[in-house]
Protein chains: 2
Amino acid sequence: MLTRPDPSDRNGAVQLLKDFIAEHAFAPGDRLPAERELIGRLGVTRSNLRKALDALEREGAIWRHVGKGTFVAEQGDGREDGLDLSLLAEIGHQITPVKMMRARQCIEAVIAREAAINASRQAVKKITEIKDRAKAAETWQDYEAQDDLFHHAIAEATDNILLLTLFEQLNKVRRAVAVNTVIRETVRPPESHTSFAEHDRICAAIAARDPKAAHDAMWQHISSVSARLFGEV
Amino acid sequence: MLTRPDPSDRNGAVQLLKDFIAEHAFAPGDRLPAERELIGRLGVTRSNLRKALDALEREGAIWRHVGKGTFVAEQGDGREDGLDLSLLAEIGHQITPVKMMRARQCIEAVIAREAAINASRQAVKKITEIKDRAKAAETWQDYEAQDDLFHHAIAEATDNILLLTLFEQLNKVRRAVAVNTVIRETVRPPESHTSFAEHDRICAAIAARDPKAAHDAMWQHISSVSARLFGEV
DNA sequence: CAAAAAAATTGGTTGTGATTGATCTGAAAT
DNA sequence: ATTTCAGATCAATCACAACCAATTTTTTTG
């Protein structure tokens, strides 16, 4: 299982707290009521309130110290959820395609290695199926869709939701970078398309639980994709 | 004739349960009564009730957990694309510390390798300075701040804004993960703190432009940090 | 008036008892 | 002979309260 249903915020104590702070217009630096008073105002148990406070503290939204109290943080960081996305989207304009591919090479290679270590039998099966479907693609568009799924399935196979998420972020940047300059001379990928053999090697290495081979095969694969994109290695 | 488990009885309990849920309009996330109470409300034996609950759990209609209760599940499979934003903020609650450290090991090792390849002379100088400052830290808090900067400087040294951003995302998750603080027995890092030697190795490898050594040194470093956190490995 | 002492307040921690789903046991039923 | 049932037991979780340590406020005292 990659996702857990609902570990912490069961009844939405976090939301309750956020609403309370917003409703009373606490400014940064203000001190909010003591825990033992808040539990009465919010109607939650102290352990749940503390869990909510823990969450807000991890987010950097509040600041607390024994004997003094709990304070809403200066929001100078700005480094909260919202910025993640905008920053990430902005990177698509800042980074060069070459560096983007280099990052992809680094990250996806280690992901392939972890997949070879952790992939379940189901995961291997799924990767293989997608690989074969890519080979049978009728159009370049279809092939690229399957190729996307192929790489995504490998990231899933790591059984590590953090690596999977980082991969997805990377992928988003990849889509944002303009690299659609490749001219297709055929209507569909030819039988001899080198990626097919490379996919086979990656797939075989993961199935064989050979981490180094999986790493190297993925590295080589993205290297050759880069070479095709940029004309030379 | 073979002895049949008589599915009618079971289906009866399942239907009874579904009716009960529908009748009381339980919304997703709501908790339904405890088993020992339901058997009274529904007039079925506990084993039959549990079989019905088992069936509903297999369907994904409910999920249960010891000590908490039985809850009706969210209908939409939570895991779909397009919500990476909030996802990243919540990964800290979903991922286990062990897997977080594993991801960190993977990513930071390749970052160290790229740093060894691409680091400018200035970048190497900055890394070295921060490393020495960490060694001179007077408190654990100061040391940890310098350690953060050390790893960040290495990510910067890759001269790849995408890798740097991915590192920062990873770092944010790391801070969000509830990794129970290790107990410090000294007021400041002792001279013999193993991380110092490891930092030295990483630094030397990057300065020497030795990618593999940098990779391995970082891998080893985070491995030993994990060992200290989790007791072994 | 000022320094010291005591009390009160606050976030952090621990322990206890109750509740809950999961599992086991032996008797009863089919 | 197998399944079902009722109860006991286990293990996870939570609410509640008491307690701890850091800090502030109030009171005492010289």
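Here is how names work: the chains are called A, B, and so on, in the same order as the sequence lines, proteins then strands, and each is numbered from 1.
- If you take CD1 of A/I39 and C1' of D/dA15, they are 11 Å apart, rounded to a whole angstrom.
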Give the C-alpha distance, both sets of side-chain angles, the deciding distance and a yes or no for salt bridge (Lys or Arg N to Asp or Glu O under 4.0 Å) between B/R201 and B/D216.
CA-CA 10 Å; B/R201 279 185 56 209; B/D216 295 345; over 6 Å; no
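- A 6.0 Å sphere centred on CD of B/Q122 holds no more than 12 heavy atoms belonging to other residues, nucleotides or ligands.
- The nearest whole Å value for the distance from the CH2 atom in B/W63 to the P atom in C/dA22 is 11 Å.
- Taking the C1' atoms of five terminal pairs at each end of the helix from C/dC1-D/dG30 to C/dT30-D/dA1, the two resulting helix axes are inclined by 20°, rounded to 10°.
- Ionic pairing of B/R102 and A/D159 is not present here: no N-O contact between side-chain nitrogen and carboxylate oxygen is shorter than 4.0 angstrom.
- Of the side-chain N and O atoms in A/N48, one or more sit less than 4.0 angstrom from OP1 or OP2 of D/dA15.
- Using cut-offs of 30° and 60° for the angle between ring planes, the A/W63 and A/H65 rings count as tilted.
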Go through B/V14 and B/K18 one step at a time and tell me if the side-chain contact (heavy atoms from CB on, under 4.5 Å) criterion holds.
CA-CA 6 Å; B/V14 170; B/K18 283 184 176 174; 4.0 Å; yes
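- Aromatic ring orientation, B/Y143 versus B/H199: parallel (interplanar angle below 30°, classes split at 30° and 60°).
- Between B/R174 and B/E108, no side-chain nitrogen of the basic residue sits less than 4.0 Å from a carboxylate oxygen of the acidic one, so the salt-bridge criterion is not met.
- Regarding B/L49, its CG atom lies at a distance of 15 Å from the P atom of C/dT23, rounded to whole Å.
- Note on A/S47: a side-chain N or O is less than 4.0 Å away from OP1 or OP2 of D/dA15.
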One character per nucleotide, please: for nucleotides 10-20 of chain C, 5' to 3', B when the base has a protein heavy atom closer than 4.0 Å, S when only the sugar-phosphate does, - otherwise.
BBBB------B
Show the numbers, then the answer: is there a side-chain hydrogen bond (donor to acceptor under 3.5 Å, both in side chains) between B/S224 and B/E198?
CA-CA 9 Å; B/S224 93; B/E198 292 162 8; 2.8 Å; yes
